[in-house]
S.K.: 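I have a structure I would like to understand better, so I am pasting it below and will then ask my questions one at a time.
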Amino acid sequence: MSKDYLKIIQQSQVPSHVAIIMDGNGRWAKKHGKDRIEGHKAGVESVRNAVKASIECGVKYLTLYAFSTENWNRPKEEVDALMELLVFAIETEVSELNKNNIKLTTIGDIKQLPEKCYQSLINSIELLKNNTQLTLILALNYSSKWEITHACKLIAQKVKDGFLEPENITPQIIEQHLNTANIPDPELIIRTSGEYRISNFLLWQAAYTEFYFTPIYWPEFTKEEFYKAIMDFQKRERRFGKTSEQIQSEHK
Ligand code: FPP
């Protein structure tokens, strides 16, 4: 079934960077009479599916919103269980990631994560750093407002120290100080579970991103669902502020 979708996808038009707001684990668990953490555990299988599908169709960067700065406000037991799950998932998957030539990186303030989680991430990032097939970017303790504020502080310090003049601050300078420096902006952001929000995710980077919303809860998000999002993306006309006529004449 997923092979049929793969045949329809135009290889030349696959987005190089796809980002996903993985939502609906809690509601999926409730629907099945399970604890919320069971929903997160089931969500790990969908993470595997999204990674496999990205590789199969040629996506080069996959960003997953795994834990936002706002998620600390959840009940302590859920936060603790999520952190444990994260360590467990990273440690059990790292050799598979390596076998598949996948590089791992993070965005967000990971130093504030529990020590075990932080160390596990640092070790895996180091082990996988030379891989080239796909870059898997985990957004952890991430929020866009935090990231932009952090970039402002770094830039302000450079101005204060005399390394940069205020009139030389450009969008490119700001981008170089974001966590996503050297990562292309996402062409496609997917959000599951029927919510239509961006929730403090990649606000700067999403200036020209296409959005795909699906009512499917994250634990139900299969490779086929991923391919459907890619196919929907391929029907869009990306104009970047230009007219439709200009875009069509550029493609002649
Ligand atoms: C949103 O569902 C999901 C999260 C905040 C956590 C996502 C984490 C995982 C899928 C597990 C591990 C991840 C990796 C990268 C190995 P929700 O709890 O907000 O669902 P709800 O809106 O239905 O309550």
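The model shown is predicted, which means the values in this text are computed figures rather than measured ones. The analysis underlying the following values was restricted to heavy atoms, covering all of them including side chains, and did not include hydrogens, waters or symmetry mates. We count ligands from 1, going down the list as the structure has it; atoms in each ligand are counted the same way.
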S.K.: Output yes when the distance from some N or O of ligand 1 to some N or O of W28 is under 3.5 Å, and no in every other case.
M.R.: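 Between W28 and ligand 1, no N or O pair is found under 3.5 Å apart.
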S.K.: L138 to ligand 1: N or O pair under 3.5 Å?
M.R.: no
S.K.: Is a donor from one side chain sitting under 3.5 angstrom from an acceptor on the other, for E187 and Q13?
M.R.: no
S.K.: I need the atoms of ligand 1 closer than 4.0 Å to a non-hydrogen atom of A89, numbered in the order shown.
M.R.: 16 (C)
S.K.: Among all protein non-hydrogen atoms, which one is nearest to atom 13 (C) of ligand 1, and what is the separation to 0.1 Å?
M.R.: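 Of the protein heavy atoms, L86 CD1, 4.0 Å lies nearest.
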S.K.: Between T192 and D23, do the side chains contain an N or O donor and an N or O acceptor separated by less than 3.5 Å?
M.R.: no
S.K.: Identify whether the distance between the nearest side-chain nitrogen and carboxylate oxygen of D232 and K228 falls below 4.0 Å.
M.R.: no
S.K.: Counting only heavy atoms not in Q133, do more than 12 fall under 6.0 Å of its CD?
M.R.: yes
S.K.: Any N/O of W218 closer than 3.5 Å to an N/O of ligand 1?
M.R.: no
S.K.: Are any of the heavy atoms in R74 under 4.0 Å away from ligand 1?
M.R.: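 The answer is yes, since R74 has a heavy atom less than 4.0 Å from ligand 1.
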S.K.: Which residue supplies the protein heavy atom nearest to atom 1 (C) of ligand 1, what is that atom called, and how far is it?
M.R.: M22 O, 3.0 Å
S.K.: Under 4.0 Å, counting heavy atoms only: does L64 come that close to any atom of ligand 1?
M.R.: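 No heavy atom of L64 comes that close to ligand 1.
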S.K.: Can you pull out the closest protein heavy atom to atom 10 (C) of ligand 1? Residue, atom name and distance to 0.1 Å, please.
M.R.: N25 ND2, 3.6 Å
S.K.: When you compare the side chain of L178 with that of W204, does any pair of heavy atoms fall below 4.5 Å?
M.R.: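 Answer yes - side chains close enough.
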S.K.: Using non-hydrogen atoms of the residue, decide whether A66 is closer than 4.0 angstrom to ligand 1.
M.R.: yes
S.K.: If you count every heavy atom of other residues, nucleotides or ligands that lies below 6.0 Å from Q176 atom CD, does the total exceed 12?
M.R.: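 Check passes, neighbour count above 12.
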S.K.: In terms of atom number and element, which parts of ligand 1 are under 4.0 angstrom from non-hydrogen atoms of G26?
M.R.: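 So the answer, numbered in order with elements, is 17 (P), 18 (O), 20 (O), 21 (P), 23 (O), 24 (O).
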S.K.: Name the closest protein heavy atom to atom 5 (C) of ligand 1, giving the residue it belongs to and the distance to 0.1 Å.
M.R.: N71 OD1, 3.7 Å
S.K.: Show your working on salt bridge (Lys or Arg N to Asp or Glu O under 4.0 Å) between E195 and R27 and close with a plain yes or no.
M.R.: CA-CA 12 Å; E195 305 287 348; R27 278 163 286 163; 3.0 Å; yes
S.K.: Do Y65 and ligand 1 have an N or O pair less than 3.5 Å apart?
M.R.: no
S.K.: Just by distance, no angles: are the side chains of T222 and E224 close enough, under 3.5 Å, to form a donor-acceptor pair?
M.R.: yes
S.K.: Do S199 and R191 have side-chain N/O donor and acceptor atoms under 3.5 Å apart?
M.R.: yes
S.K.: Numbering the atoms of ligand 1 from 1, which are under 4.0 Å from a heavy atom of R27?
M.R.: 21 (P), 22 (O), 23 (O)
S.K.: R36 near ligand 1, heavy-atom distance under 4.0 Å?
M.R.: yes
S.K.: For the pair F67 and W72, name the ring-plane relationship: parallel under 30°, tilted 30 to 60°, perpendicular over 60°.
M.R.: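 It falls in the perpendicular class, over 60°.
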S.K.: Could you identify the single nearest non-hydrogen protein atom to atom 12 (C) of ligand 1 and state the distance to 0.1 Å?
M.R.: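 Heavy-atom neighbour on the protein nearest atom 12 (C) of ligand 1: V44 CG2, 3.9 Å.
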